[in-house]
Number of protein chains: 2
Amino acid sequence: MKQDILGKLEELGYRVTPQRAMIVAAINHSDDHISAEEIYAQVRAKYPHVNISTVYRTLETLKEIGLVTETDMGEGRVRYHPAGKGHHHHLVCQECGATIDLDETVLSNLKDALRREYGFLADLRHLAIFGHCVKCKQ
Amino acid sequence: MKQDILGKLEELGYRVTPQRAMIVAAINHSDDHISAEEIYAQVRAKYPHVNISTVYRTLETLKEIGLVTETDMGEGRVRYHPAGKGHHHHLVCQECGATIDLDETVLSNLKDALRREYGFLADLRHLAIFGHCVKCKQ
DNA sequence: GCGGTTAATGCAAGTATTTGCAAATGCTAA
DNA sequence: TTAGCATTTGCAAATACTTGCATTAACCGC
Ligand SMILES: [Zn+2]
Ligand SMILES: [Zn+2]
Ligand SMILES: [Zn+2]
Ligand SMILES: [Zn+2]
């Protein structure tokens with residue numbers, strides 16, 4: 001049982017168009033933090049007719065279904081990660097840009113507390129937390 | 001010792017221009033979650049000549065100094081809060097849009113853990129955490 | 001008060017993303 | 001097959017910022 005995004009789409013009644021297939025392929029073959037523009041470039045190479053708004057709309061759909069996560073890592077553009085490849089988080093230094101990768105368990109306590117105390121099911125699958133790293137703490 | 005943003009700017013060697021004074025006034029007199037466009041509208045009413053890029057640049061400066069916090073509450077535009085008025089967070093339901101306000105202490109444990117284990121000083125002064133509220137949990 | 005220096009501003013163009021709408025196309029049922 | 005219909009797409013325009021650059025104006029020292 002692999003993380004078959006296309007299969008899941010079909011199963012849920014979404015149409016599997018060539019555009020969607022290519023967008024999903026680009027996400028699957030990426031290094032896991034791919035931007036809309038990068039997806040667009042890859043898809044366009046095979047099928048120059050596609051429009052970038054289709055890329056954004058497909059990403060929106062995949063987010064809603066929970067198949068990809070969207071994370072703002074402070075670059076002025078957002079990056080996408082296939083949810084099936086596992087969860088983790090990032091600490092991002094606002095001074096030097098350094099990042100530290102975190103295991104998803106770092107936010108487990110918070111997630112549990114929010115569910116227990118507020119009945120809120122927080123989406124903490126792929127977060128960027130901003131601040132200052134050891135080197136840049138004044 | 002009030003949260004005198006203008007005084008702090010001056011003290012740090014920034015020039016106190018009429019534009020900055022009006023932008024700061026708009027932030028101080030807001031309900032604490034004001035957008036750039038709303039600040040712009042208020043400032044413009046007094047001084048039609050100002051440009052919105054000045055508003056954005058001033059907000060950027062105030063963020064850097066730590067005098068305001070910037071938070072994406074999922075509205076497609078970001079909101080600003082005077083840091084001197086105290087910290088808190090929001091849970092935002094991605095389904096119905098409902099929000100739950102949280103005391104800043106909810107993230108204290110996380111903040112401490114990040115500092116202790118990674119030497120990372122996280123800026124957790126005004127966060128929006130997305131997810132699903134009790135009503136919308138399926 | 002009065003220039004000089006340099007930070008801050010206005011303006012226009014650029015980037016990332018979203019949206020309305022009409023045309024195209026996948027899927028269903030006949 | 002093929003018509004019917006809803007979904008998806010392309011396109012163009014809109015939105016929320018951001019940035020480069022020339023001009024303006026705080027603020028410092030005289
Ligand atoms: Zn990541
Ligand atoms: Zn750093
Ligand atoms: Zn708030
Ligand atoms: Zn809800």
Side-chain angles (χ1 to χ4, degrees), chain A residues 5-24 26-27 33-44 46-65 67-80 94 97 128, chain B residues 5-24 26 33-41 43-44 46-65 67-80 94 97 128:
Chain A
I5 296 186
L6 281 185
K8 190 73 185 172
L9 270 180
E10 191 165 30
E11 185 187 319
L12 290 172
Y14 291 87
R15 293 183 186 169
V16 178
T17 63
Q19 289 93 328
R20 284 182 174 165
M22 287 186 293
I23 290 165
V24 166
I27 296 171
H33 293 92
I34 193 169
S35 70
E37 203 64 49
E38 286 164 2
I39 294 170
Y40 181 48
Q42 284 189 46
V43 171
R44 198 182 215 185
K46 290 263 168 184
Y47 181 8
H49 188 56
V50 281
N51 193 274
I52 191 149
S53 65
T54 298
V55 174
Y56 280 110
R57 278 190 280 230
T58 298
L59 287 168
E60 181 65 26
T61 299
L62 296 177
K63 266 192 292 168
E64 277 170 25
I65 305 174
L67 296 176
V68 307
T69 56
E70 177 190 83
T71 306
D72 172 10
M73 324 244 282
E75 304 170 282
R77 97 192 87 186
V78 127
R79 290 194 172 271
Y80 299 88
Q94 286 167 313
Chain B
I5 297 185
L6 281 186
K8 191 73 187 175
L9 271 180
E10 191 165 29
E11 185 186 318
L12 291 172
Y14 291 88
R15 294 181 186 171
V16 178
T17 64
Q19 288 93 327
R20 284 181 173 167
M22 286 186 294
I23 291 167
V24 166
H33 294 93
I34 193 169
S35 71
E37 204 63 49
E38 286 164 1
I39 294 170
Y40 182 49
V43 172
R44 198 181 214 184
K46 289 262 169 185
Y47 182 5
H49 188 54
V50 281
N51 193 276
I52 192 149
S53 65
T54 299
V55 173
Y56 280 111
R57 278 191 279 232
T58 298
L59 288 168
E60 181 64 27
T61 299
L62 296 177
K63 265 194 291 171
E64 276 170 27
I65 306 175
L67 295 177
V68 307
T69 57
E70 179 189 82
T71 306
D72 172 9
M73 324 242 284
E75 304 169 282
R77 94 192 89 185
V78 126
R79 291 193 171 271
Y80 299 88
Q94 286 167 313

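Given the structure is predicted, the values throughout are model-derived calculations rather than measurements. The analysis underlying the following values was restricted to heavy atoms, covering all of them including side chains, and did not include hydrogens, waters or symmetry mates. Just so we're on the same page: letters track the sequence lines, and every chain starts at 1.
Computed from coordinates, the D72(A) CG to dA16(D) P distance equals 17 Å when rounded to whole Å. Separating the CG atom of N51(B) from the C1' atom of dG14(C) is a distance of 15 Å, rounded to the nearest angstrom. Note: CD (E60(B)) to P (dT19(D)) measures 8 Å, nearest angstrom. At whole-Å resolution of the value, OH in Y47(B) and C1' in dA8(C) are 11 Å apart. Between the CD1 atom of I52(B) and the P atom of dA13(C) there is a distance of 18 Å, rounded to whole Å. Rounding to whole angstrom units, CG of residue L9(B) and P of dT9(C) are separated by 10 Å. We find that OH of Y56(B) is positioned 7 Å from P of dA16(D), with the value rounded to whole Å. Between the CZ atom of R79(A) and the C1' atom of dA16(C) there is a distance of 13 Å, given to the nearest Å.
Taking OG1 of T69(B) as the start and CG of L59(B) as the end, the distance is 11.0 Å to the nearest 0.5 Å. Put simply, OH on Y80(A) and CD1 on I39(A) are 7.5 Å apart, with the number rounded to the nearest 0.5 Å. Annotation: the span from T58(B) atom OG1 to I5(B) atom CD1 amounts to 11.5 Å, rounded to 0.5 Å.
Neither OP1 nor OP2 of dT25(C) sits under 4.0 Å from any side-chain N or O of Q19(A). Listed pair T17(B) / dA8(C) fails the phosphate criterion, with no side-chain N or O lying under 4.0 Å from OP1 or OP2. The shortest distance between the side-chain N/O atoms of R57(A) and the OP1/OP2 oxygens of dT18(C) is not below 4.0 Å.
Residue E75(B) places its CD atom among more than 12 non-hydrogen atoms of other residues, nucleotides or ligands, all under 6.0 Å distant. Within a 6.0 Å radius of NZ in K63(A), more than 12 heavy atoms belonging to other residues, nucleotides or ligands are found.
Of the listed nucleotides (dA26(D), dG10(C), dT8(D)), dA26(D) has the atom at the smallest distance from the side chain of P18(B).
If you find the closest nucleotide of DNA chain C to E37(A) and to S53(A), the one lying nearer the 5' end belongs to E37(A). The residue among E75(B) and E10(B) whose nearest nucleotide of DNA chain D is located toward the 5' end is E75(B). Residue whose closest nucleotide on DNA chain D sits further toward the 5' end, between E70(B) and T54(A): T54(A).
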Measure all distances between protein nitrogen or oxygen atoms and nitrogen or oxygen atoms of nucleotides 2-5 of chain D, and list the pairs falling under 3.5 Å.
none

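Residue Q19(A) forms a side chain to side chain contact (heavy atoms under 4.5 Å, CB included) with just one option from V24(A), N51(A), T54(A), and that option is T54(A).
A salt bridge does not link R57(B) to E60(B): none of the charged nitrogens lies less than 4.0 Å from a carboxylate oxygen.
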